[in-house]
Amino acid sequence: MVEVTEPYAVGTPCWVDLNARDQQAALDFYKDLFGWQGEIGPQEFGGYAICAKNDKPVAGIMGPVDVEPGQPQVPSNWTTYLSTDDADATLTAIGDNGGTVLLPVMTVGSTGKMLVAADPSGAVFGVWQPLDFFGAQLVNEAGAVVWNELHTSAPGEVGAFYDAVFGARIAPMEQMPEYLSYNVAGRGVAGVLDLANDPPGTPPHWRTYFAVDDVDSTVDALVRAGGNLLDPPTDQPWGRVALVQDLDGAVFSLITPVPM
């Protein structure tokens with residue numbers, strides 16, 4: 001079990017959450033798929049549910065995002081949050097460097113501060129400043145997040161953006177020069193992939209990878225539960241990977257990583 005016991009370095013993916021059209025159905029779906037424990041939370045926090053594996057927080061699930069009357073509903077999706085030590089300063093830096101703030105800084109009780117933004121290519125991400133809660137406390141094992149990956153049409157432009165806002169550097173991965181690594185303090189904490197590798201029409205996005213013990217059997221279970229298989233399991237140098245959708249169409253990847 002890989003436990004995280006201290007705040008993440010600035011710029012590091014620290015949390016993921018899902019906005020679902022039917023929150024309880026999503027909680028049940030991921031409980032069966034990954035063995036998560038979670039229930040709808042207090043109404044003062046919009047019912048936000050913190051899901052746990054082995055009693056350690058791994059991800060959040062909330063209900064539909066509120067939109068202005070007459071506006072289209074926000075599609076269900078997984079959002080990656082990057083850690084910061086000053087949400088207000090990060091908000092300013094996002095605007096100063098070509099990003100777009102979608103949700104301004106909000107204080108979430110005593111747990112932390114958050115905002116949601118898009119980078120210059122349009123990929124949406126969250127920002128989390130920890131107070132009492134620093135993010136995922138269990139990672140890199142079955143049923144938990146193992147990787148986050150930015151899919152973008154402009155790796156060079158967004159590289160300058162994430163460097164200016166978070167001090168993160170995007171550079172070719174040493175073992176696979178065709179793949180870009182998102183580095184914090186010299187350590188690869190996420191990946192970056194050119195959007196040309198995605199199906200035509202796919203918008204820029206941050207993708208979440210969840211580790212599982214057996215991709216093929218997990219895909220079978222997901223399909224039986226009403227999810228969709230987008231790309232079948234394939235063997236990659238880093239593991240066996242499949243691209244899937246949940247009940248509401250939120251896209252994520254499953255991976256059985258190659259032992260390191």
Side-chain angles (χ1 to χ4, degrees), residues 4-19 41-52 56-68 74 77-139 145 147-150 152 157-170 182-190 192 204-208:
V4 182
T5 58
E6 58 185 28
Y8 291 81
V10 171
T12 303
C14 64
W15 187 243
V16 296
D17 67 17
L18 171 73
N19 64 293
Q43 285 307 305
E44 62 182 303
F45 298 118
Y48 193 93
I50 292 181
C51 299
K56 301 293 182 182
V58 291
I61 295 178
M62 58 183 167
V65 175
D66 292 332
V67 295
E68 295 293 330
V74 176
N77 64 90
W78 279 99
T79 299
T80 294
Y81 287 76
L82 306 178
S83 187
T84 185
D85 55 10
D86 188 332
D88 295 287
T90 300
L91 180 147
T92 299
I94 288 169
D96 289 346
N97 289 279
T100 304
V101 174
L102 304 176
L103 179 68
V105 176
M106 175 189 303
T107 300
V108 187
S110 63
T111 59
K113 295 182 176 182
M114 64 161 288
L115 65 98
V116 178
D119 68 24
S121 75
V124 175
F125 62 95
V127 176
W128 182 253
Q129 178 189 337
L131 296 174
D132 292 344
F133 180 77
F134 60 76
Q137 295 177 25
L138 181 69
V139 297
V145 175
W147 194 240
N148 304 82
E149 189 176 69
L150 171 62
T152 178
E157 183 181 2
V158 300
F161 171 82
Y162 288 103
D163 187 2
V165 176
F166 296 105
R169 303 293 177 87
I170 294 176
Y182 173 101
N183 302 316
V184 171
R187 176 173 166 262
V189 298
V192 181
H205 63 280
W206 276 88
R207 182 174 297 171
T208 301

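In this structure, CD1 on Ile61 lies 5.0 Å from CH2 on Trp78, to the nearest 0.5 angstrom. For the atom pair Met62 CE and Thr79 OG1, the distance stands at 6.0 Å (nearest 0.5 Å). Separation of atoms CZ (Phe161) and CD1 (Ile170) is listed at 10.5 Å; rounding is to 0.5 Å. For the atom pair CZ (Phe166) and CG (Asn97), the distance works out to 10.5 Å, reported to the nearest 0.5 Å. From Trp128, atom CH2 reaches atom CG of Leu131 across 7.0 Å, with rounding to the nearest 0.5 Å. The CG atom of Asn77 sits 10.5 Å away from atom NE2 of His205, with the distance rounded to the nearest 0.5 Å.
For Trp15 and Tyr8, the gap between ring centers reaches or exceeds 6.0 Å. For Tyr182 and Trp147, the ring centers are positioned 6.0 Å apart or more.
When side chains are defined from C-beta on, Glu149 does not count as touching Thr80, because their heavy atoms never get closer than 4.5 Å. Considering only heavy atoms from C-beta on, Thr90 comes within 4.5 Å of Val165 through its side chain. Inter-residue side-chain proximity for Pro57 and Ile50 is flagged as met; some heavy-atom pair is nearer than 4.5 Å. Side-chain contact between Tyr162 and Leu82 is present, with heavy atoms from C-beta onward closer than 4.5 Å. Taking the side chain as every heavy atom from C-beta outward, Pro42 and Tyr48 never approach each other to under 4.5 Å. Within the 4.5 Å cutoff, the side chain of Thr208 has heavy atoms near those of the Val145 side chain. No side-chain heavy atom of Leu150 sits under 4.5 Å from any side-chain heavy atom of Phe125.
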Criterion side-chain contact (heavy atoms from CB on, under 4.5 Å) on Val127 and Val116, from CA distance to verdict = CA-CA 6 Å; Val127 176; Val116 178; over 6 Å; no
Start with the C-alpha gap between Gln137 and Val58, add the side-chain angles, then the distance that decides, and say whether side-chain contact (heavy atoms from CB on, under 4.5 Å) holds.
-> CA-CA 6 Å; Gln137 295 177 25; Val58 291; over 6 Å; no
May I have the step-by-step check of side-chain contact (heavy atoms from CB on, under 4.5 Å) for Val4 and Val139, ending in yes or no?
-> CA-CA 7 Å; Val4 182; Val139 297; 3.8 Å; yes
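Side-chain N or O atoms of Asn183 include none that pairs as donor or acceptor with a backbone N or O of Gly186 at under 3.5 Å. With hydrogens and angles disregarded, no donor-acceptor distance shorter than 3.5 Å links the side chain of Trp206 to the backbone of Gly126. Panel note: side chain Thr12, backbone Cys14; no donor-acceptor pair is recorded below 3.5 Å. Judged by distance alone, with hydrogens and angles left aside, the side-chain atoms of Gln129 form a donor-acceptor pair with the main-chain N or O of Ala87 at under 3.5 Å.
Residues satisfying the salt bridge (charged side-chain N to carboxylate O under 4.0 Å, His left out) criterion with Asp88, sequence neighbours excluded, are Lys113.
Asp119 and Ser121 form a side-chain donor-acceptor contact under 3.5 Å, judged by distance and modelled atom types alone. Between Thr111 and Asp132, the side chains place no donor N or O within less than 3.5 Å of an acceptor N or O (distance only, hydrogens not considered).
Shortest non-hydrogen contact noted between Thr152 and Val192 is CG2-CG1, 3.9 Å. For Val189 against Pro13, the heavy-atom pair with the smallest separation is CG2-CD, 3.8 Å.
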